[in-house]
Amino acid sequence: MNIEFSSILLFILGLLYLIMLPGYMILAGLKIRNLDIIETLTASFGIGIGVLTAISIALSLAGSLGLTISSLTLANAGVLVVLCCAFYLRQRRAKRQNDAHAH
C-alpha cells in the first residue's frame, strides 16, 4: 500500500476545512471580533465539532423517521428562506436606526 504525501496533506486540509469552516462562519455571523487568533481557532474548532455532531445526528434520524430526499430538500430550502428573510429584516432595521441617528 503506497500512500502519497499529497493525499495525506489533502486529507488533513480537507478535515480542517470541514471542521473549522462552520465554526468560523458562526463566529463571523455572531460578529464576535474581540478574540485573538488562538481563541478564534479554538472556538471555531469547538463549534465546528458541535455542528458536525448535530448534522450527523440529524442525518441518521432522517432515515429512521422515513424522511425522503425530497422532503429534506424542501425543509432545507424553507429554513434557508426563513434565515435570509430574518437577516434581511435585521439589516433593514439596523439601516433605519442608523439613518434616524444621522438626522
Side-chain angles (χ1 to χ4, degrees):
M1 184 170 179
N2 190 8
I3 299 175
E4 295 182 22
F5 176 74
S6 62
S7 63
I8 294 172
L9 182 64
L10 284 175
F11 175 76
I12 291 171
L13 290 176
L15 190 63
L16 286 175
Y17 179 79
L18 181 67
I19 292 173
M20 301 290 281
L21 187 66
Y24 184 76
M25 295 301 287
I26 290 173
L27 285 176
L30 293 174
K31 297 183 180 176
I32 299 175
R33 303 212 194 304
N34 57 350
L35 301 175
D36 64 359
I37 189 70
I38 299 297
E39 291 171 334
T40 302
L41 289 174
T42 306
S44 296
F45 183 78
I47 293 170
I49 293 292
V51 167
L52 286 178
T53 303
I55 289 172
S56 65
I57 289 172
L59 288 176
S60 67
L61 280 177
S64 65
L65 294 176
L67 297 174
T68 62
I69 295 294
S70 60
S71 64
L72 289 174
T73 304
L74 186 61
N76 188 19
V79 168
L80 287 175
V81 167
V82 168
L83 286 175
C84 287
C85 290
F87 287 141
Y88 173 75
L89 291 174
R90 183 174 162 188
Q91 178 188 13
R92 196 169 132 190
R93 184 178 343 136
K95 185 178 178 183
R96 282 185 184 169
Q97 288 176 351
N98 288 340
D99 290 344
H101 291 300
H103 295 292

Q | Heavy-atom donor-acceptor pair, Q91 side chain to Y88 backbone, under 3.5 Å | A |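 Not at all, since once roles are kept as given, no pair shorter than 3.5 Å links the two residues.
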When hydrophobic residues are tied together by side-chain contacts of less than 4.5 Å, even through go-betweens, does [X] share a cluster with [Y]?
X   : Y   : answer
L80 : M25 : no
F87 : Y24 : no
L52 : F45 : yes
L41 : Y17 : no
I57 : V79 : no

Gap separating the [atom1] atom of [X] from the [atom2] atom of [Y], nearest 0.5 angstrom:
X   : Y   : atom1 : atom2 : result
I26 : L30 : CD1   : CG    : 7.5 Å
T42 : I47 : OG1   : CD1   : 10.5 Å
T40 : L27 : OG1   : CG    : 6.5 Å
S44 : L16 : OG    : CG    : 11.5 Å
I49 : M20 : CD1   : CE    : 9.5 Å

Q) How close do R96 and R92 get, heavy atom to heavy atom, and via which atoms? A)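 Nearest pair, atom of R96 first, then R92: NH2-NH2, 2.6 Å.
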